[in-house]
Protein chains: 2
Amino acid sequence: MFEKLRAYIEKHIKLTEEQFDLLKTCFVPMKLKKGEFLQRAGEVTRYGAFVVSGCLRKYVIDAKGKEHILYFAPEDWWVGDIESGLHQLPSLYFVDAIEHSDVLQIDLPSHQKIIEAMPAYASQYQLGLQKHMASKDKRIVAALSTSAEERYLEFLKTYPSIAQRVPQHMLASYLGISPETLSRIRKQKR
Amino acid sequence: MFEKLRAYIEKHIKLTEEQFDLLKTCFVPMKLKKGEFLQRAGEVTRYGAFVVSGCLRKYVIDAKGKEHILYFAPEDWWVGDIESGLHQLPSLYFVDAIEHSDVLQIDLPSHQKIIEAMPAYASQYQLGLQKHMASKDKRIVAALSTSAEERYLEFLKTYPSIAQRVPQHMLASYLGISPETLSRIRKQKR
DNA sequence: CCTGGGCATTGATATAGATCAAGAAATGAA
DNA sequence: TTCATTTCTTGATCTATATCAATGCCCAGG
């Protein structure tokens, strides 16, 4: 498990053995069966996680009882709700496993400890946040301005592997369209 | 101009005189008339800016020639396109003044210098990014799941002062609805 | 090897909101 | 002030997508 994390981090920065040891003390390995929750709305988020294998999803349930998926988190992604953890506020989001998954859990104080101990990690983290912001901006524009079909095709292009492994109704939820509409779009593309 | 920036930063962290002097060397004051651009799509972003007074907007023009406003930036907000500046890629976004505005420009290297010189600023910046992420997530969910009317009312609640000062068709563009629809929604609410 | 409950498909209908078009009102430049 | 331009409003259609409903499918657990 830890080797996967190491490999991921070393894509960007070199780790000394001591640094790797620090990481090992901060993350806690955990297995999740399909359908198990890492976090439920209403709870204050205590942990974020790095996904070693499998796939999780983060989603809200809105006032009308509908699910809306914020993102899928397959291998090498991070999930959590920093906002909630930071301000000790109940989270709006659920996080659960849509496949049997292995994750490395970390709490916010430990993460902060890593940031303080490893400046290179800190700036890598900052870069990651900035990158994420940019992709969220794109998604906002797409949601506001493009058709269901355009969003679907764009998703296929951007995340081909995710498109293949998640159930269709979840993809629909991510795209903000009904499962029926997605089914019709796909039919038409055949 | 600089006093406004100082007051803004000192909401979160204390500044010594030396630190304030450093800031003064990093930011360049600039006046923008209504309609003037801080940045155009296609250009590599060189500067971000802190808005001292007035109001700017960041927006895209999509394939069909339509504008979509990402956000408004009145006093005490920041604008820019870090993604573009960071990777030296042409930006997708325009930034222009919708009122006569005063801004303090800063380039990415200077900003990085501040982050390295002032750890408290760095962590404040990190907090800011995280907070922004959370609000963008909310906007994504809203865009995908709520009606035009709901989004309008939510905007009024969240940014009452912005709602009053920006032209209605820009608000419509931000909300992802046509100006006609927004006009009808407002009529109904009277 | 059954079998039942989630998934996907398909059809029929309803509707929010877009688009087109035209007039009214506001804004600002001269 | 006056004229011109931009913005806002209102009405009449049109369309993408939701919703409702029925059917078939498939694979997971007994």
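Reminder, nothing fancy here: chain letters follow the sequence lines and each chain counts from 1.
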Worksheet, complete the sentence: Rounded to the nearest 0.5 Å, the CD1 atom of B:Ile177 sits from the OG atom of B:Ser183 at a distance of 10.0 Å
Fill in: Test of ring centre spacing under 6.0 Å for B:Tyr125 and B:His12
no
Worksheet item: Centroid-to-centroid, A:Phe27 to A:Phe50, below 6.0 Å?
Response: no
Interatomic distance where [atom1] belongs to [X] and [atom2] belongs to [N] [whole Å]:
X	N	atom1	atom2	answer
B:Leu175	C:dA18	CG	P	11 Å
B:Gln168	C:dA24	CD	P	19 Å
A:Leu144	C:dA18	CG	C1'	15 Å
B:Ile177	C:dT15	CD1	C1'	16 Å
A:Gln188	C:dA8	CD	C1'	17 Å
B:Ile98	C:dG28	CD1	C1'	17 Å

Discussion item. I want to confirm an ordering. Mapping A:Ser147 and A:Glu180 to their closest nucleotides on DNA chain D, which one lands closer to the 5' end?
Written reply: A:Ser147
Worksheet item: Between B:Arg6 and B:Thr16, which heavy-atom pair has the shortest distance, and what is it?
Response: NH2-O, 4.3 Å
Discussion item. With a 4.0 Å cutoff (strictly under), does any side-chain N or O of A:Lys187 reach OP1 or OP2 of C:dT9?
Written reply: no
Item to complete: Establish, with yes or no, whether the OP1 or OP2 oxygen of C:dG17 is under 4.0 angstrom from a side-chain nitrogen or oxygen of B:Thr181.
Response: no
Discussion item. Need one value for B:Leu182: base, sugar-phosphate or nothing, where a base atom within 4.0 Å counts as base even if backbone is also close, heavy atoms only.
Written reply: nothing
Worksheet item: Residues two or more places apart in sequence or in another chain: which of them pass side chain to side chain contact (heavy atoms under 4.5 Å, CB included) with A:Lys187?
Response: A:Arg190
Item to complete: Tell me, please, the opening and closing nucleotides of DNA chain D, 5' to 3', among those with an atom under 4.0 angstrom from a non-hydrogen atom of chain B.
Response: D:dT7 to D:dA12
Practice prompt. Go through C:dT9, C:dT19, C:dA18 for me and flag the one nearest to the A:Ser183 side chain.
Written response: C:dT9
Worksheet item: Among B:Val28, B:Val52, B:Leu56, whose side chain to side chain contact (heavy atoms under 4.5 Å, CB included) with B:Val103 holds?
Response: B:Leu56
Practice prompt. Between B:Arg184 and B:Lys34, just flag the one whose closest nucleotide in DNA chain C comes earlier from the 5' side.
Written response: B:Arg184
Discussion item. Quick test of your reading of the model: are A:Arg57 and A:Glu67 salt-bridged, counting only N-O distances below 4.0 Å?
Written reply: yes
